[in-house]
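Sequence positions, counted from 1, serve as the residue numbers for this chain. Just so it is clear, the structure is predicted and the values come from calculations on it, not from any experiment. Hydrogens, waters and symmetry mates are skipped; everything else that's a heavy atom, side chains included, is used.
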Amino acid sequence: MNPRALMLAPLLGLGLSACSPGAPAGAAPIERPAQLGMCASCHGVDGIALAPGNPHLAGQDEAYLRLSLQKYKNGERRHPPMQAVVGALQDADLDALARWYASQPRQGQRAAAAAAANDNAN
């Protein structure tokens, strides 16, 4: 691969994250939630699931993510692993996690950035 393309790829990724649905223009970067590690083991730090069957959370609607987390916490949605993880979280933690994952670029956006970097290198 062209070395110049390797140097451009991270910059393109930063540009996409700044333009993601959860990050309005001129907004401060979303702070990484303190409780992210509990979610990242299944859903990835960046919201791209690590194992088949786990949903990708990157770029999902923040209100939907927040409501889903609340429903797991109060038992309206039943999935024992999720209930165990979110059961001890505070509302502020749920807000921070929903905001974080909503602000992450979707998998398709990442693929487009990688393809653009590759095209620019050739």
Side-chain angles (χ1 to χ4, degrees):
M1 178 175 240
N2 184 328
R4 193 171 72 193
L6 290 173
M7 291 188 310
L8 289 175
L11 296 175
L12 289 170
L14 288 173
L16 282 176
S17 66
C19 297
S20 67
I30 304 296
E31 187 175 326
R32 179 181 241 167
Q35 303 297 335
L36 184 62
M38 296 188 318
C39 304
S41 61
C42 294
H43 299 287
V45 169
D46 59 0
I48 303 302
L50 303 175
N54 292 334
H56 298 309
L57 301 180
Q60 294 285 339
D61 180 72
E62 183 178 338
Y64 169 77
L65 290 172
R66 176 62 171 86
L67 181 62
S68 295
L69 289 169
Q70 187 61 48
K71 286 183 176 186
Y72 283 120
K73 184 175 178 169
N74 69 24
E76 285 182 64
R77 286 182 84 167
R78 294 198 171 276
H79 187 265
M82 282 295 298
Q83 289 173 294
V85 168
V86 300
L89 297 179
Q90 302 298 314
D91 285 346
D93 297 324
L94 302 182
D95 292 340
L97 290 164
R99 189 176 317 110
W100 172 263
Y101 280 123
S103 72
Q104 301 304 302
R106 292 178 181 264
Q107 191 171 22
Q109 291 172 322
R110 293 161 204 243
N118 193 29
D119 288 346
N120 289 337
N122 293 330

Subject >> Spacing of Arg77 atom CZ and Leu69 atom CG [to the nearest 0.5 Å] >> reply: 9.0 Å
Original post:
Tell me, do Leu36 and Tyr101 make a side-chain contact under 4.5 Å, heavy atoms counted?
Top reply: yes
Original post:
Excluding sequence neighbours, so at least two apart, what forms side chain to side chain donor-acceptor pair (under 3.5 Å) with Asn54?
Top reply: none
**OP:** State, to 0.1 Å, how close Ala58 and Pro105 come at their nearest heavy-atom pair, and which atoms those are.
**Re:** CB-O, 3.3 Å
Original post:
Rounded to the nearest 0.5 Å, what separation is found between the CD1 atom of Ile48 and the CD atom of Gln107?
Top reply: 4.5 Å
Original post:
When hydrophobic residues are tied together by side-chain contacts of less than 4.5 Å, even through go-betweens, does Val86 share a cluster with Met38?
Top reply: yes
Original post:
Does the His43 side chain pair with the main chain of Leu57, one donor and one acceptor, at a distance under 3.5 Å?
Top reply: no
Less than 3.5 Å apart, which donor and acceptor atoms pair up between the side chains of residues 78-85 and the rest of the protein, not counting sequence neighbours?
unit_1, atom_1, unit_2, atom_2, d
His79, ND1, Met82, N, 3.4
Gln83, OE1, His79, N, 3.3

Original post:
To the nearest 0.5 Å, how far apart are CG in Asp46 and CH2 in Trp100?
Top reply: 8.5 Å
Would you list the atom pairs, donor with acceptor, under 3.5 Å between side chains in residues 88-97 and any protein atom, with sequence neighbours excluded?
unit_1, atom_1, unit_2, atom_2, d
Asp93, OD2, Gln90, N, 3.0
Asp95, OD1, Arg66, NE, 2.3
Asp95, OD1, Arg66, NH2, 3.4

**OP:** With the side chain counted from C-beta on, respond yes when Val45 and Arg32 share a heavy-atom pair under 4.5 Å apart, and no when they do not.
**Re:** yes
Subject >> Student check: side-chain heavy atoms of Arg106 and Gln60 closer than 4.5 Å >> reply: yes
